[in-house]
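Everything below concerns the one structure shown next.
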Amino acid sequence: MDRPRPTQRDPRHDVLFEPVTIGPLVAKNRFFQVPHCNGMGYRDVSALARMREVKAEGGWAVVCTEEVEIHPTSDLTPAIEGRLWSDQDIPAIARVAEAIHRGGALAGIELTHNGMSTANLASREVPLGPSALPVLSSHPVQARAMTTDDIATLRGWHRAAVRRSLQAGYDLVYVYAGHGLAGAQHFLSPRYNLREDQYGGPLANRMRLLRELIEETLEEVDGRAAVAVRLCVDELTGDAGLTRAETAEVIGTLAELPDLWDFMVGDWPNDSSTSRFSPEAVHTEHLRGLKQLTSKPVVGVGRFTSPDTMAEHVRTGILDLIGAARPSIADPFLPSKIEAGRTGDIRECIGCNICVSGDETSSPLRCTQNPTMGEEWRRGWHPERMNPARSQARVLVVGAGPAGLEAARALGRRGYDVALLEAGRQLGGRVLDEAALPGLRAWRRVVDYREQQLEGLPNVELYRESETSASDVLESGFDHVAIATGARWRGDGVGRWHTRPLPVGDGTEILTPDDLFAGVRPAGRSVLVFDDDHYYLGGVLAELLRSEGYDVTVATSEPQVSSWTANTLEVRRIQARLLRAGITLLTGQAVVAVHREKATLECVYTGERTDAVARSVVMVTARSSRSTLYEDLLARRAEWGDAGIASVTAIGDCLAPSTIAAAVYSGHRYARELDEPEVLVRREVTALAETY
């Protein structure tokens, strides 16, 4: 059910829709989807192509690939990126370019030789770098120092990849020197370039390879495509690395060579810092003034979510093009919505970096705000178009947390009559609780977007403060029922480390995250948080309690607190924040018993036991689904027929506790698949070699 909403663009945003000349190209507006990884790459080509096509359809003037490896000596395994090792890879890369063009955008490709940042685990080639140093990944592998012959060979590989990119139909070709990943940056950086020949020492020598790659790429494209340079403007390591001052000299020297400059700051965890640690436009001060060093257009990122902020960056001469990765994932139609004056319909990126976890775990891209991300080809989902209702069935959704809100929104968009019941006064469930924690305020957008969308759907009725029983449901007259009643945190210690309750002494105070959300606070000043969840919550609750004056210790069986956040690029920042706050971290330690004034810990390696002072213990372990209503209805299945109920389905955390992204996805999937025939997820199967 898609109703056009006639609107008008805000004149303040007109500047964002001016065309921009990029060498031989003209970008239709200033929206530029910078290269970003996605966990699909060479393995899931059609899924990747369709994802990029949808973004192009959504109004982005330029849509780029992820990193595309140019040679087996730049094998990024286990990460799954693009690959252009030989002519054999051209058809896959071409499919992505064709899809982007079909969507109406210019196609950019980010060619990369990752030098000493990769261990070449699949190809088993020896890594190459400017100097003989260990590779930057955690593998016990060392790169060998490249000879001048090696450098000439590398330039030949890059030139061949440029030629293949043109054959594949790309409009813009990148020379990549950013994120601490690219070999060209390693040569630029005094941190990694310890050479004493013509490619080392003074900056003029260290930038030699970058200059050669740019010049040779320009020669190869010969006006048939634009050439972009993605450059780290500050490694944020002080004088040990590439500084802003040195980068300004590089830009000043090479200013007019490429057709476009794409600037980023630091490494990937800094460039894509979560909203917990960085606000929108966090890189602005690093970028300010760089545009004045060149006459060529400049693009940069900053998790831009506000059209006003975007327009201000153009008007004040900081950027020519608004770069985006994560905001383009959260809402592929962000440019179109701004152009139509529908800014209230934008699904704003919350900066949680669940999208990044796809690349980090070699799994297809996903998004908390946009459940269709990565499913455009696999399931045929579109972020703005819903499959129409197949019946006039009425649907009851119980619970207005992330799963229930998304299910009601998507069902309403399909055209079903929906009633959404919420036991409390406020909508949002766990999102409201977690968004109130330190640094997570942006997560409230998950609720705000869906609440705003529901207000525009006359076929969806919302009932607050509506406790519901199985008898109420059976008497309601609805055809389908979705139970989205969420989950509660366990207080008995059951989780990953313990599958049975812990021994707890008499008079011991055990609290759960739900207790803290409800305003309950520890009775004593010494608190131990047991992080057996390993995502963000253990760390952020410790931070909350410390900010309120408690003496806090965090124990976890993992080597780091909130260890899974390595996949969202924030685990190091979390450790730093907790340590600077004066929180004691006991890693590799599992709580095995709790007593009145202490907790007994066991070393996960040696089994040695020690006691930690703790008047109160907060268990961040496992959750139990709030499934009583669902189970009651299943027990009364014999009554469904007389009540006219065709199905009762548990969704979100009620079905299986997981992330907020998983809850939103569950609600969306329920809505998409209601009344639909079962469809298997599409996948591509590797073609067998002709002989083996």
Without swapping roles, check the side chain of [X] against the backbone of [Y] for a donor-acceptor pair under 3.5 Å.
X      : Y      : result
Arg672 : Tyr670 : no
Ser666 : Ile651 : no
Ser647 : His480 : no
Thr659 : Ala662 : yes
Asn370 : Cys367 : no
Asp532 : Trp497 : yes
His36  : Arg326 : no
Glu376 : Gly374 : yes
Gln426 : Leu432 : no
Asn353 : Asn567 : no

For this session: Look at atom CZ of Arg521 and say whether more than 12 heavy atoms of other residues, nucleotides or ligands are closer to it than 6.0 Å.
Result: yes
For this session: Determine whether more than 12 heavy atoms belonging to other residues, nucleotides or ligands lie under 6.0 Å from atom CZ of Arg441.
Result: no
For this session: Determine the interplanar angle of the Trp381 and His668 rings, folded into 0 to 90°, and report it as parallel if under 30°, tilted if 30 to 60°, perpendicular if over 60°.
Result: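 The rings of Trp381 and His668 stand perpendicular, inter-plane angle above 60°.
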Quick one about [Y] and [X] (side-chain donor to acceptor, distance below 3.5 Å, no hydrogens or angles considered), yes or no?
X      : Y      : value
Asn270 : Ser273 : no
Ser391 : Asp675 : yes
Thr274 : Glu570 : yes
Glu558 : Thr556 : no
His382 : Glu57  : yes
Glu451 : Tyr449 : no
Arg52  : Gln33  : yes
Arg450 : Gln369 : yes

Of the non-hydrogen atoms in [X] and [Y], which two are nearest, and what is the gap between them?
X      : Y      : answer
Glu422 : Gly424 : OE2-N, 2.9 Å
Leu396 : Ser476 : CD2-OG, 4.1 Å
Val591 : Ala599 : CG1-CB, 4.5 Å
Arg303 : Glu280 : O-CG, 3.4 Å
Ser562 : Asp531 : N-OD2, 2.8 Å
Thr568 : Ile354 : CG2-N, 4.3 Å

[Y] side chain reached by [X] side chain, heavy atoms, under 4.5 Å:
X      : Y      : result
Leu440 : Tyr536 : yes
His498 : Phe530 : yes
Glu461 : Pro458 : no
Leu528 : Val618 : no
Ser471 : Glu639 : no
Val529 : Thr553 : no
Trp640 : Leu474 : yes
Glu673 : Val679 : no

Exercise. Please walk me through it: do His13 and Glu339 pass side chain to side chain donor-acceptor pair (under 3.5 Å)?
Worked result: CA-CA 8 Å; His13 304 151; Glu339 184 171 28; over 6 Å; no
For this session: Under the side-chain contact (heavy atoms from CB on, under 4.5 Å) rule, what do Asn38 and Met51 come out as? Steps first, then yes or no, please.
Result: CA-CA 10 Å; Asn38 49 77; Met51 179 267 284; 4.0 Å; yes
Exercise. Can you check side-chain contact (heavy atoms from CB on, under 4.5 Å) on Ile329 and Lys55, steps first, answer last?
Worked result: CA-CA 8 Å; Ile329 294 166; Lys55 290 190 184 188; 3.8 Å; yes
Find the distance between [atom1] ([X]) and [atom2] ([Y]) and round it off to the nearest 0.5 Å.
X      : Y      : atom1 : atom2 : value
Arg623 : Trp489 : CZ    : CH2   : 5.0 Å
Glu434 : Leu541 : CD    : CG    : 8.5 Å
Ser616 : Tyr550 : OG    : OH    : 8.0 Å
Ser627 : Arg488 : OG    : CZ    : 8.5 Å
Leu633 : Ile645 : CG    : CD1   : 6.5 Å
Leu427 : Leu420 : CG    : CG    : 7.0 Å

Problem set entry | Proximity of Phe333 and Trp60 rings by center, below 6.0 Å |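 No, they do not, as the ring centres are separated by 6.0 Å or more.
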Exercise. Is the distance between the ring centroids of Phe304 and His313 less than 6.0 Å?
Worked result: yes
For this session: Given side-chain contact (heavy atoms from CB on, under 4.5 Å), test Leu585 with Gln560 step by step and report yes or no.
Result: CA-CA 8 Å; Leu585 309 185; Gln560 294 172 305; over 6 Å; no
For this session: Mind running salt bridge (Lys or Arg N to Asp or Glu O under 4.0 Å) on Arg414 and Glu676 for me, showing each step along the way?
Result: CA-CA 12 Å; Arg414 286 191 65 187; Glu676 295 287 344; 2.9 Å; yes
Exercise. Does a side-chain N-to-carboxylate-O contact under 4.0 Å join Glu406 and Arg669?
Worked result: no
For this session: Take Ile322 and Val301 through the test side-chain contact (heavy atoms from CB on, under 4.5 Å) and record every step on the way to the result.
Result: CA-CA 7 Å; Ile322 302 301; Val301 300; over 6 Å; no
Exercise. Can you check salt bridge (Lys or Arg N to Asp or Glu O under 4.0 Å) on Lys337 and Glu384, steps first, answer last?
Worked result: CA-CA 11 Å; Lys337 290 176 181 178; Glu384 300 300 315; 2.9 Å; yes
Problem set entry | Intermediate values then yes/no, salt bridge (Lys or Arg N to Asp or Glu O under 4.0 Å), Glu543 and Arg276 | CA-CA 12 Å; Glu543 185 182 340; Arg276 180 174 173 183; 3.3 Å; yes
